[in-house]
There are 2 protein chains.
Amino acid sequence: MPTNDVANDLRIVLGQLVRRLRADDVLSTSHVAVLSSLDRLGAQTTSGLAAGQHMRPQSMAHTIGELEKEGLVERRPDSDDRRQVMVELTKGGRELLYETRRRREDWLAQAIDGLMPAEQKVLEQAIALLERLAVL
Amino acid sequence: MPTNDVANDLRIVLGQLVRRLRADDVLSTSHVAVLSSLDRLGAQTTSGLAAGQHMRPQSMAHTIGELEKEGLVERRPDSDDRRQVMVELTKGGRELLYETRRRREDWLAQAIDGLMPAEQKVLEQAIALLERLAVL
DNA sequence: TATTGTTATACTCTATAACTATA
DNA sequence: TATAGTTATAGAGTATAACAATA
């Protein structure tokens with residue numbers, strides 16, 4: 001299959017999945033992405049988080065503002081360079097993140113559960129590929 | 001890898017790709033999705049298109065309205081049941097769709113070109129899997 | 001001046017609710 | 001009444017521009 005067609009099919013299925021995911025989730029995808037990053041890599045600056053998600057710092061500031069209002073993250077000005085603001089997970093943020101992952105209502109996890117082992121393997125490999133594509 | 005983690009990673013990379021795709025495209029993902037569907041399956045009703053994209057008919061009506069304003073699709077009331085409106089590609093719509101696919105500036109197609117053949121194969125298989133997941 | 005971050009504002013996409021026309 | 005479609009409105013997510021604080 002020509003790569004242009006693959007790209008096209010990928011775009012379309014991405015849109016469908018994103019809509020499907022948006023529909024029934026407690027935490028939005030972008031919020032989960034930030035919480036996950038903080039959980040995996042520890043406290044980070046606004047810019048660092050923005051770069052990690054390939055998002056503008058202004059957009060990330062807005063996202064962080066929302067998460068802070070919900071008590072899921074805390075802002076702490078860096079002691080060395082006070083222009084920088086370190087963002088870190090609160091206890092509540094970590095708990096909500098883990099609870100979200102555990103949710104048995106998570107239809108996507110269930111859907112993936114329903115795939116055959118070989119198919120799950122393909123999906124895992126594809127995710128690694130997509131991560132590489134996303135940073136190009 | 002537990003399927004909950006796969007689901008989580010998939011969510012995150014999806015968000016990143018969607019932002020990346022939104023950045024530098026002539027036609028938005030949802031517009032391409034509609035034009036592609038009309039190209040592949042021929043004229044369809046608003047509801048049919050909405051169902052095909054897992055989108056509300058109201059949202060689809062809005063999308064179609066935009067495409068119509070740009071002259072890419074035409075609305076034609078069905079002759080049998082005049083409540084129904086058939087949507088079809090115009091010549092310009094088909095040309096723009098094809099031209100978009102051909103674009104050598106299409107970074108996604110280029111990125112996929114840069115993958116190894118075996119990796120491209122994995123991606124194609126994964127897309128088929130994602131399509132199945134999207135309709136669950 | 002350059003850098004980090006935030007606020008203000010606007011645009012895109014999609015949802016729900018309310019409405020019109022046809023069956 | 002039920003169905004197909006549309007319009008009005010609202011919300012989420014992210015972008016750009018303008019601004020403030022610190023280096």
Side-chain angles (χ1 to χ4, degrees), chain A residues 11-12 14-35 43-70 72-88 134, chain B residues 11-12 14-35 43-70 72-88 134:
Chain A
R11 262 180 243 268
I12 291 172
L14 247 43
Q16 295 177 347
L17 273 175
V18 165
R19 272 192 295 280
R20 184 72 171 78
L21 286 169
R22 189 159 40 207
D24 49 16
D25 251 340
V26 189
L27 240 38
S28 78
T29 301
S30 55
H31 285 196
V32 172
V34 171
L35 297 180
Q44 294 165 73
T45 63
T46 301
S47 313
L49 284 167
Q53 299 302 319
H54 310 292
M55 194 185 284
R56 304 294 169 189
Q58 300 97 312
S59 303
M60 185 52 75
H62 184 248
T63 300
I64 294 169
E66 291 177 328
L67 291 171
E68 193 181 36
K69 255 188 285 181
E70 297 171 50
L72 305 179
V73 304
E74 272 176 358
R75 281 171 160 125
R76 182 170 44 75
D78 188 82
S79 35
D80 293 351
D81 182 343
R82 288 211 308 288
R83 287 174 307 183
Q84 293 192 130
V85 173
M86 299 304 289
V87 181
E88 56 191 353
Chain B
R11 263 180 242 269
I12 292 172
L14 248 42
Q16 295 178 347
L17 272 175
V18 166
R19 272 191 294 280
R20 184 71 172 77
L21 286 169
R22 188 160 39 207
D24 47 16
D25 252 341
V26 190
L27 239 39
S28 77
T29 301
S30 56
H31 285 194
V32 172
V34 171
L35 297 180
Q44 294 165 73
T45 64
T46 300
S47 314
L49 284 168
Q53 299 300 320
H54 311 292
M55 195 186 282
R56 304 294 168 188
Q58 301 96 311
S59 303
M60 185 53 75
H62 183 249
T63 300
I64 294 169
E66 291 177 327
L67 291 171
E68 193 181 37
K69 255 188 285 181
E70 298 170 51
L72 305 178
V73 305
E74 273 176 356
R75 283 170 158 126
R76 182 169 44 75
D78 188 84
S79 37
D80 292 353
D81 183 343
R82 288 212 309 287
R83 289 175 307 182
Q84 293 191 134
V85 173
M86 299 304 287
V87 181
E88 55 191 353

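Side-chain atoms of B:Ser47 and B:Thr45 form no donor-acceptor pair, as typed in the model, at a separation below 3.5 Å.
Spacing between atom CE of A:Met86 and atom C1' of C:dT6 amounts to 17 Å, rounded to whole angstrom units. For the pair B:Arg20 CZ and D:dG13 C1', the computed distance is 18 Å after rounding to whole Å. The CG-C1' distance, from B:Leu21 to D:dT14, rounds to 15 Å in whole Å. The distance from atom CD of B:Gln58 to atom C1' of D:dG11 is 15 Å, rounded to the nearest whole Å.
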All N/O contacts under 3.5 Å from nucleotides 12-14 of chain C to the protein, with atom names and distances to one decimal?
{"unit_1": "C:dC13", "atom_1": "OP1", "unit_2": "B:Ser28", "atom_2": "OG", "d": "2.8"}
{"unit_1": "C:dT14", "atom_1": "OP1", "unit_2": "A:Arg19", "atom_2": "NH1", "d": "2.3"}

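Phosphate contact (OP1/OP2 of C:dT4, side-chain N/O of A:Thr45, threshold under 4.0 Å): absent.
Closest non-hydrogen pair, B:Arg76 versus B:Ala43, comes out as NH2-CB, 4.4 Å. The two residues B:Ile64 and B:Val73 make their nearest non-hydrogen contact at O-CG2, 4.0 Å. Nearest heavy-atom pair, B:Ser79 versus B:Arg82, reported as atom, atom and distance to 0.1 Å: O-CG, 4.2 Å.
Applying side-chain contact (heavy atoms from CB on, under 4.5 Å) to A:Leu27 and the options A:Leu67, A:Val34, A:Leu35 leaves one that passes, A:Leu35.
Scanning for side chain to side chain donor-acceptor pair (under 3.5 Å) contacts around A:Thr63 gives an empty result, with sequence neighbours left out.
Of the residues in residues 72-84 of chain A, those placing a heavy atom less than 4.0 Å from an atom of DNA chain D are A:Asp80, A:Asp81, A:Arg82, A:Arg83, in numerical order.
Here the side chains of A:Thr29 and A:Arg22 are not in contact, with every heavy-atom distance at 4.5 Å or above.
Proximity of a side-chain donor or acceptor of A:Gln53 to a complementary backbone N or O of B:Gly15 within less than 3.5 Å is not detected.
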